[in-house]
Each structure stands twice: as C-alpha cells, then as structure tokens.
K.L.:
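Structure below; questions to follow.
Small disclaimer: the values here were computed from a predicted structure and weren't measured. Note on naming: letters A, B, ... go to the chains in the order of the sequence lines (proteins, then strands), and numbering restarts at 1 for each one.
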Number of protein chains: 2
Amino acid sequence: MDARTKILETATRLFATHGYDSTSLSHVAKAASVSKALIFWHFETKENLFQAVLSRTIEPYTIDIDDLDGLNEPEQLRRLIDLYYEFVTENVFSVRFFLRLFLREEKRPDNLFGRILDLYRLYQQLLADVIARGQGRGTLSREVEPSLHAALILSTLNGVLVQGFMGEPEPHPPQRLVEQLKTTLVDRLRVQ
Amino acid sequence: MDARTKILETATRLFATHGYDSTSLSHVAKAASVSKALIFWHFETKENLFQAVLSRTIEPYTIDIDDLDGLNEPEQLRRLIDLYYEFVTENVFSVRFFLRLFLREEKRPDNLFGRILDLYRLYQQLLADVIARGQGRGTLSREVEPSLHAALILSTLNGVLVQGFMGEPEPHPPQRLVEQLKTTLVDRLRVQ
DNA sequence: GTCTATATACAGATAGAC
DNA sequence: GTCTATCTGTATATAGAC
C-alpha cells in the first residue's frame, strides 16, 4: 500500500476514535510509520487531511432498495426499517463519528454534511412514499399523514441507535426495540 | 461574584460550546478576566476544572412529578412526555454537551454519567409504572409490555431531540413530532 | 488570592538534503 | 516522495512577588 493511503487509513481510524482536536499529526505519523513532513507533503494542512478522511468515509454511503418487489406496503416498511438498522450497525464507528460532528456547531464541512442530509431525506421520502402508496391501495390505514409518520419512524430509529451508542444500561437491546418499533409503528397501521 | 465562581461560569460556557480540547485555559482566563495562574490556584489542573464544571452542570438536573394527580393514565403519559421535552429544551446546551460526551469513548467521568443514567432509568421506570397501572385499571390496552413500550417512547423522544440538535432540514418541527408521538404511542393504546 | 514571568512540552507547519 | 532538522506559536503548569 502506498504511503498516502496508509496515512488516510490511519487518520480515519484516529479521527474517528479521538476526534479532530485530540488527534495530532505526530500521532498519525507515528501510527502510520511515516514522517510528519510527508503528511504535509500529501495533504498540505491538517484541515485538508480531515476533509479527505471525511470524503473517503462518506463515499460508500448509499441506499440500495432493489429488493422491495413482491412485498406489500407494510412489509416494505418493515424491510426499510431493517435496512436502516443494518446500515448503521455495519457502520457504527463512522456513523457515531458523524453524529458527533453534527452535534458541534463549528467545523461543519457543508458539502459533506449536505451529502449525508440528502441521503437522510431520500430515505425519509422513501418511507413516506410507501405509506402513501399503501393508503392508496388499502393496505395501510389513512389515519396518519405519510410524511409525518415517516419522520416519526425515522426519529424512533435514531433514538434507538443513539441509545445503543451510549451503551444504554439496556433492559432492552436495540434489536428488541426495533422489533417493537415495527410492531407499533407499522403493524398497527395495517388494515385488517 | 467571587473569582472562583466567575471562572466556573465562564468555563462552563466555553467547554459546552467548543468542547474540552478546543477550550484553552488562556481562553478561559481572558474571558473570565483573571490570570491563568488563578485558575490553577483554584482548580489545580484543567481536568479538575472540567470535573467541577460537569458537577455544577448536572446539579440542577432533577425530575419533579408532583403534578400528575387527577389525571388518568393516558393523560399522565402525555404529561410525562411533555415534561421530558420541556426539560431538554430548557437545557439544550448542556444536554447536547453531555450527549457529545456520551458519544466518545474516552473521558467519561463515571460518577457523573452514572448520575445521569440513574435519572434516565428513573424516568423510564416512571413511564413503565404508569403504563402497567393503566393496564391494571383498564385505561390502557394490555397489548404492550409496559417496560418495553416505555423504552420505545423514550427512544422516540430522544430521536426527535437529536434530530432537533442536528438542525434537521425539518419538514416537521420537533413539537409536531412530539405531538405525533403522543398520538401514536399513547392515544392508540387507550381502551375505548 | 491574585498577579507577572517563566519553564517545559508539543502542536502545526516549513526548509532543504536525498 | 520521503526524510531530518528546525521554526514558531501556544498549551498546561510552576515560581515567586505582593
């Protein structure tokens, strides 16, 4: 592996675990077995390195939803919820990292955060569309407003995940809560 | 106001806005109009100052629930949800601050975090108790398991709040989501 | 208790040899 | 591209006068 990549990988790991400020370039250099000067040669500044790390991390973030065919709307909702949960558990470290970045007011590279927010909105829209379609086709109750209910489902998912991040004293593990979420926020909406 | 208090107040504000690492004692000293040396005289180390700030911030965190009398169980649940939301909005800065601390693996003063988790569990238990009582007295459906449903309500609340912290592109403001939460997770449980 | 002056360490960043 | 050596600023922390 070339030095540049080595630096990127090391920096990604260190930024994610210790945060931007607590990660010194001397630390990165030592962990990547290169000199500090080489980091500057490749990335100019610490800030640039950070940007490169963020881009690299975000890059594989996508939503693929080709396997919803053949399911009715309540089942599609359950599936979408599972996909979201799977995505986050597969990317715990970086998702936690980005959440931490979102929670501070400074140092928000708008381009990248825009990208994340776009994905987020896309997912929410997907949920809302399925709900609306289900209502149209009579598989879901018309009692709820699709967009609002979609937002509520997503909030709940986020809440469950944050609780998992915090290492909640868990009387109830995340999986269990996600199941309860599907039961309460999807199944109860089914038209009998 | 004495210098010690002045330092504490200033440090509280700066730590909460910029985080531990990005807040230098020179910065605190200047903002509090004292010398750096005085900070060390009062608090020995930066770490100690931080601890003192956390204790001071957590101190007023309490749950008072004396005004639930005369409400039936569904109404009590709605009230408890509102109280949680009010508490967080009244303490946005420090709550966000603590959430950020929870999300990093290092630098977790266990004594303080224990205190917060205790409050959290207490609140969850409160919700669970009300649900169980409502089921016993026939005002709430027996379809849900009290403790699990309480955890779900709390997760949802947290999710809504986190979304608010992130400055979500809000098609739906937090208040709206909390209303929807009460409708979906409480009112739908009412026994007709 | 509060200050000025200073010690010491390490951060981000540059110069220049190879 | 990669290194060693170095500059410059600023961080936490201490010494000692008042």
K.L.:
When you get a sec, tell me which of D:dT2, C:dA13, C:dT2 is the closest nucleotide to the side chain of A:Lys46?
P.N.:
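Out of D:dT2, C:dA13, C:dT2, the nucleotide with an atom closest to A:Lys46's side chain is C:dA13.
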
K.L.:
Do the side chains of A:Glu75 and A:Lys182 get close enough for a salt bridge, i.e. N-O under 4.0 angstrom?
P.N.:
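Salt bridge between A:Glu75 and A:Lys182, a charged N being under 4.0 Å from a carboxylate O: no.
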
K.L.:
Choose from C:dA13, C:dT2, D:dT2 the nucleotide whose nearest atom is closest to any side-chain atom of B:Leu38.
P.N.:
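Ranking C:dA13, C:dT2, D:dT2 by closest atom to the B:Leu38 side chain puts C:dT2 first.
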
K.L.:
Return the CG to OG1 distance between A:Leu185 and B:Thr184, rounded to the nearest 0.5 Å.
P.N.:
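Reported to 0.5 Å precision, the distance equals 6.0 Å.
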
K.L.:
In whole Å, what is the span from the CZ atom of A:Phe40 to the C1' atom of C:dG12?
P.N.:
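So the two atoms are 5 Å apart, to the nearest Å.
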
K.L.:
Side chain of A:Ala3 only, please: which of D:dT14, C:dA13, D:dT2 is the nearest?
P.N.:
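Closest nucleotide to the A:Ala3 side chain: D:dT2.
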
K.L.:
Given atom NE2 of B:His42 and atom P of D:dA13, what is their separation to the nearest angstrom?
P.N.:
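Result: 16 Å.
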
K.L.:
Take the protein atom CH2 of B:Trp41 and the nucleotide atom P of D:dC18, then report the distance between them rounded to whole Å.
P.N.:
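Between P of D:dC18 and CH2 of B:Trp41: 19 Å.
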
K.L.:
Tell me the interatomic distance from A:Lys6, atom NZ, to D:dG1, atom C1', rounded to whole angstroms.
P.N.:
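Atom-to-atom, A:Lys6 to D:dG1, this comes out as 17 Å.
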
K.L.:
For the side chain of B:Gln135 and the backbone of B:Val144, is there at least one donor-acceptor N/O pair under 3.5 Å apart?
P.N.:
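Side chain of B:Gln135 to backbone of B:Val144: a pair is present.
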
K.L.:
Salt bridge check, B:Asp187 against B:Arg190: does any charged N sit closer than 4.0 Å to a carboxylate O?
P.N.:
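Salt bridge present between B:Arg190 and B:Asp187.
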
K.L.:
Quick one: A:Phe43 CZ to C:dT14 P, roughly how many Å, whole number?
P.N.:
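Interatomic distance, CZ of A:Phe43 to P of C:dT14: 16 Å.
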
K.L.:
Parallel, tilted or perpendicular for B:Phe15 and B:Tyr20, by the 30°/60° rule?
P.N.:
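The arrangement is parallel - the two ring planes meet at less than 30°.
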
K.L.:
Can you check the A:Asn48 CG to C:dT14 C1' distance for me, whole Å?
P.N.:
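Computing the A:Asn48:CG to C:dT14:C1' distance gives 16 Å.
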
K.L.:
Applying side chain to side chain donor-acceptor pair (under 3.5 Å) as the test, list every pair that has at least one member in residues 53-65 of chain B; sequence neighbours left out.
P.N.:
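Qualifying pairs, neighbours excluded: B:Tyr61-B:Ser94.
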
K.L.:
Does a side-chain N or O of B:Ser24 approach OP1 or OP2 of D:dT10 to a distance below 4.0 Å, or not?
P.N.:
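Result: no.
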
K.L.:
Could you tell me whether a side-chain N or O of B:Gln76 sits under 3.5 Å from a main-chain N or O of B:Leu71, the two making a donor and an acceptor?
P.N.:
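Yes, the answer is positive, given that a donor and an acceptor are paired below the 3.5 Å cut-off.
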
K.L.:
Does anything in residues 25-37 of chain A reach DNA chain C, meaning a heavy atom under 4.0 Å, and if so which residues?
P.N.:
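Residues of residues 25-37 of chain A that come under 4.0 Å of DNA chain C are, in numerical order, A:Leu25, A:Ser26, A:Lys36, A:Ala37.
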
K.L.:
Without decimals, in angstroms, what is the distance between B:Asp21 CG and C:dC10 P?
P.N.:
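Whole-Å distance recorded here is 15 Å.
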
